[in-house]
Amino acid sequence: MRTRVGTRLDPMWELVLSVHQVALPESYFGSWSRLARRRLVQAGTMRDAELLATLTPARGYFPDFLTPAALPTEFEAGLETVLSTSKQRLRAEVGRLDGGRGAGPWLDDVAAGRPAALHRLGVAMRRYHRTVLTPHADQATEITGRWVAGLAHRTLAHGVDAVLSTLGPKTRWRAPVLEVDYPVTRDLHLDGRGLSLVPTFFGINHPITLADPELQPVLVYPVSREPFWRPDRDLTDRQQADALSELLGPTRAAVLRALDTELSTTALAARTATSPSSVSRHTAVLRRAGLITTWRSGTSVLHLRTTMGNDLVHGR
């Protein structure tokens with residue numbers, strides 16, 4: 001078996017699989033799911049997640065075009081590939097879904113490749129990604145990187161067979177066949193095409209592959225995420241706030257606490273009653289510590305807490 005072991009998270013797979021977790025609040029990602037929904041409500045983008053959920057059901061089939069089989073790339077490049085899917089493929093893949101579950105005519109319009117519907121899909125994916133995934137990107141990448149580095153080490157030391165034998169308890173390598181406990185019974189024959197192994201942070205339970213056997217074979221496998229969230233400490237909100245101020249200083253703690261939702265430097269300065277230049281200094285320190293993430297949107301610089309920052313603010 002010719003195998004390529006991926007070293008990066010694929011942003012499109014992460015988006016789809018995270019939508020599944022938002023829809024399943026009692027899943028492995030229960031704490032994160034509740035936080036994600038709260039952020040979506042605060043940002044006014046819950047409808048984006050609802051639309052995406054109609055296109056990517058948490059159980060059963062979802063369209064392959066949402067997770068292009070090419071090598072993992074940046075989010076915007078992956079989104080461009082998704083939105084340039086041919087009408088024939090859209091019709092075939094969306095048509096396999098079992099009803100729209102609240103999407104109204106939008107799902108039919110996506111299947112028909114209508115520009116307005118595809119534009120709405122792009123907006124939903126972009127806003128969802130920014131609100132739900134961007135705050136955790138650094139931590140997810142770090143955890144995944146450590147896991148993949150371990151796989152790479154085993155590959156160099158013991159060969160690909162060792163990797164195929166360690167993709168989780170629900171996979172078994174019996175050369176030349178890789179067996180995976182899967183919700184449906186199916187055989188995927190490589191026919192000399194090789195198999196790409198792609199790590200996923202938000203995937204759970206078992207590896208997953210594309211529905212169409214004619215596409216380039218890929219196996220998306222979950223990495224070990226322990227520990228991602230720490231157990232809640234028994235602290236009151238006032239105790240948590242006091243401890244945070246003692247640790248970071250009152251102004252920097254106020255900046256971190258204010259970032260429940262994305263804010264520009266100017267808005268953050270107004271929220272914390274300090275100057276933009278002071279905010280810039282504090283956000284630079286918080287960013288280097290991995291407590292916030294920062295990105296540019298047009299002429300604005302936006303900030304948002306990371307998972308680590310949330311853990312610190314909420315005493316976890």
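Bear in mind the structure is a predicted one, so any value in this text is a computation, not a measurement. The chain is numbered in sequence order, starting from 1.
Annotation: side-chain hydrogen bond (donor to acceptor under 3.5 Å, both in side chains) contacts of Thr265 (sequence neighbours excluded): His303. Applying the side-chain contact (heavy atoms from CB on, under 4.5 Å) test to Thr131 and every residue at least two apart in sequence or in another chain returns Arg39, Leu40, Ala43, Thr45. Residues satisfying the salt bridge (charged side-chain N to carboxylate O under 4.0 Å, His left out) criterion with Glu214, sequence neighbours excluded, are absent altogether. The side-chain contact (heavy atoms from CB on, under 4.5 Å) test applied to Ala269 returns Pro276, Val279, not counting sequence neighbours. For Tyr128, there are no ring-ring contact (aromatic ring centres under 6.0 Å, His included) partners, not counting sequence neighbours. The side-chain contact (heavy atoms from CB on, under 4.5 Å) test applied to Ala211 returns Tyr61, Asp64, Arg96, not counting sequence neighbours. Arg287 meets the salt bridge (charged side-chain N to carboxylate O under 4.0 Å, His left out) test with no other residue; sequence neighbours excluded. Partners of Ser277 under the side-chain hydrogen bond (donor to acceptor under 3.5 Å, both in side chains) rule, at least two apart in sequence or in another chain, are Ser275. Considering only residues two or more places apart in sequence or on other chains, Arg59 meets the side-chain contact (heavy atoms from CB on, under 4.5 Å) condition with Leu24.
Hydrophobic cluster membership differs between Val301 and Leu256, with clusters built from Ile, Leu, Val, Met, Phe, Trp and Tyr side chains linked at under 4.5 angstrom. In this structure, Leu188 is not a member of the same hydrophobic cluster as Val180, with clusters built from ILVMFWY side-chain heavy atoms closer than 4.5 Å. Tracing side-chain contacts under 4.5 Å through hydrophobic residues (I, L, V, M, F, W, Y), one reaches Leu55 starting from Leu83; they form part of the same cluster. Using a 4.5 Å cut-off between side-chain heavy atoms of Ile, Leu, Val, Met, Phe, Trp and Tyr, with links allowed through other members, Ile292 and Val285 fall into different hydrophobic clusters.
Cluster note: Leu302 groups with Trp295, Leu304 through ILVMFWY side-chain heavy atoms spaced under 4.5 Å, whether in direct contact or through intervening members.
Atom CD of Gln42 has more than 12 heavy atoms from other residues, nucleotides or ligands within 6.0 Å. Heavy atoms from other residues, nucleotides or ligands lying under 6.0 Å from CD of Gln88 number 12 at most.
Residues Asp10 and Pro68 come closest through the heavy atom pair OD2-O, 4.3 Å. The minimum heavy-atom distance linking Ala267 with Leu263 is given by the pair CB-CD2, 4.2 Å. Minimum heavy-atom separation, Leu17 to Gly203: CD1-CA, 3.7 Å.
Here the CZ-CG distance, from Phe65 to Asp212, works out to 13.5 Å after rounding to the nearest 0.5 Å. Atom OG1 of Thr274 and atom CZ of Arg281 lie 7.5 Å apart (nearest 0.5 Å). One distance of note links CG of Leu219 with CG of Leu210; it measures 10.0 Å at 0.5 Å rounding. Annotation: the span from Leu52 atom CG to Leu66 atom CG amounts to 8.5 Å, rounded to 0.5 Å. The distance from atom CG of Asp187 to atom CD of Glu179, rounded to the nearest 0.5 Å, is 10.0 Å. Atom-to-atom distance recorded for Leu9:CG and Thr144:OG1 is 4.0 Å, nearest 0.5 angstrom.
Side chain of Arg271 to backbone of Leu259: no donor-acceptor contact under 3.5 angstrom is found. Panel note: side chain Thr306, backbone Pro135; no donor-acceptor pair is recorded below 3.5 Å. The backbone N or O of Phe201 lies less than 3.5 Å from a partner atom in the side chain of Glu14, making a donor-acceptor pair. Checking side-chain atoms of Arg305 against main-chain N and O of Arg257 turns up a donor-acceptor pair under 3.5 Å.
Put simply, the side chain of Thr272 does not reach to within 4.5 Å of the side chain of Thr251, judged on heavy atoms. Residues Met12 and Phe75 have side chains in contact (heavy-atom distance under 4.5 Å, counting atoms from C-beta outward). Taking the side chain as every heavy atom from C-beta outward, Leu195 and Leu197 approach each other to under 4.5 Å. A 4.5 Å side-chain heavy-atom check between Leu97 and Pro63 finds at least one atom pair inside the cut-off. Contact check for Leu15 versus Leu133: side-chain heavy atoms found under the 4.5 Å cut-off.
The only member of Trp32, Phe202, Phe62 that meets ring pair (Phe, Tyr, Trp, His ring centres under 6.0 Å) when paired with His20 is Phe62.
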Using a 3.5 Å cut-off and no angle test, enumerate the donor-acceptor pairs between side-chain atoms of residues 109-126 and protein atoms at least two apart in sequence or in another chain.
residue	atom	partner	partner atom	Å
Asp109	OD1	Arg114	NH1	2.6
Arg120	NH1	Asp48	OD1	2.8
Arg120	NH2	Asp48	OD1	2.9
Arg126	NE	Glu76	OE2	3.0
Arg126	NH2	Glu76	OE1	3.1

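For residues 261-270, the salt bridge (charged side-chain N to carboxylate O under 4.0 Å, His left out) pairs, not counting sequence neighbours, are Arg130-Glu262.
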